[in-house]
Amino acid sequence: MKAAILGYGFVGSGAYEITRDFPTGIEVKRVLTRTPRPQLPFVTQDFNDILNDPEIEVVAEAMGGLHPAYEYVTAAMKAGKHVVSANKQLICHYYEELFALAKENGVQLRFTPSAGGGIPWLCNLLRVKRCDEISEVSGILNGTTNYILHCMTQGGLPFDQVLADAQRKGYAEADPSADIDGIDALRKCAISASLAFDTIVEEDSLQAFGIRHITKADVDNFRSLGKVCKLLVKAKKYDDGRIAAFVEPTLLSSDAPESAVPLNGNMTTLVGKWIGRLSLMGQGAGKYPTGSSLVQDMIDISEHAAPIKAGSGMVKADNSAEVHSYYIRSDFNFREIKEDILVEVNGQYCITEPMSVADAHKLAEHIRKTDPAAFFAGISE
Ligand code: HSE
């Protein structure tokens, strides 16, 4: 099957090299880049060279961002081409519309690399769902922040230095704010929850705390508490149909499976009625791991795998019933907080009584008015 790749950054070039060097049955005929690359004859700057080429059956989008990725993938589907994408922002934002367009045009839309990088997460989640009911998805879904937390904890390295390293290694987004503010993980959580629960979880309704303001002092505090900090996503479906979905740095006991996930690793977990708890672990970001997921999606299409079916009906995340304690580090005067939520104040941080994720976000909004650099982390029971 002949293919085109949009974008020749880390993921696009990784996917290209895999198809070049391994007999996958996928031949990449064209690659779209922003800048000319005269040494690569298959490269074009004109998307029409791909759109109007009837031999190209599948378009692999690895550009990132909403535009022009949206315009290109919708045009490709309207022209009868299958689309695979690594772009969580695009998939999350246009979830309903892209699925509808794929159906209308009788083509496939697949996006395994959009959550979990090199981990075959979404495809296995869909496989489990064929004979099971998933009640929960959770885990580490951002490689950049896992890399930062790992290097700050194990190597005592400063935040900025490790972030720059993650950018050099191709883990971070073009604007790493999406990584360090938890937005990239939030989008991956929304995509995973939408597929798991056969619905469309509204991106804007998820709540996220990131790690932008984490300091060496925080890492020392976690150590003295006997905890390991990881950026975790969690989405859960309650029996009454409500869905909780959120992202937060989480203090885990050192023997929790997630605590052992190193470097750019991700670990994704689902809970099914029949299968029970199932976790997958691997590299969640990077050129070849994510590139290989993109190639796998193309192979699935060439082998006529069953199309992915989207759920229907938009739902907002409701985090009012998800309750646990929080670590808060701030120079805010904690005595101003109602005393009944404070368990312990220790210098510049406090541990709260269990409170809902929704309430923790209200409290964060209040504290950040006086201390925008305050750091919040959930504490796993
Ligand atoms: N910036 C993302 C991450 C890339 O660090 O996980 C993979 O989606």
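When a ligand or atom number is given, it counts from 1 through the structure's own listing order. This one's a predicted model, so the numbers in the text were calculated from it and none came from an experiment.
Although no hydrogens or angles enter the test, the distance criterion places no donor-acceptor pair under 3.5 Å between the side chain of D181 and the main chain of I183.
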Which pairs of donor and acceptor atoms, one on a side chain in residues 291-298, lie under 3.5 Å apart (sequence neighbours left out)?
unit_1 : atom_1 : unit_2 : atom_2 : d
S292   : OG     : P289   : O      : 2.9
S293   : OG     : G117   : O      : 2.7
D297   : OD1    : T112   : OG1    : 2.6
D297   : OD2    : F111   : N      : 3.2
D297   : OD2    : T112   : N      : 2.7
D297   : OD2    : T112   : OG1    : 3.4

What pairs of donor and acceptor atoms, side-chain ones from residues 31-42 against any protein atom, are under 3.5 angstrom apart with sequence neighbours left out?
unit_1 : atom_1 : unit_2 : atom_2 : d
T33    : OG1    : T35    : O      : 2.7
T33    : OG1    : Q45    : NE2    : 3.0

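Listed by first then second residue, pairs satisfying salt bridge (Lys or Arg N to Asp or Glu O under 4.0 Å) with a partner in residues 48-59 read K29-D53, K29-E55, not counting sequence neighbours.
For the pair K88 and E203, the salt-bridge criterion is not met [side-chain N within less than 4.0 Å of a carboxylate O]. Contact check on K287 versus E17 returns a salt bridge, with a Lys/Arg side-chain nitrogen under 4.0 Å from an Asp/Glu carboxylate oxygen.
In this structure, ligand 1 sits under 4.0 Å from heavy atoms belonging to K88, N142, G143, T144, Y171, A172, E173, D179, D184, K188, G284, A285.
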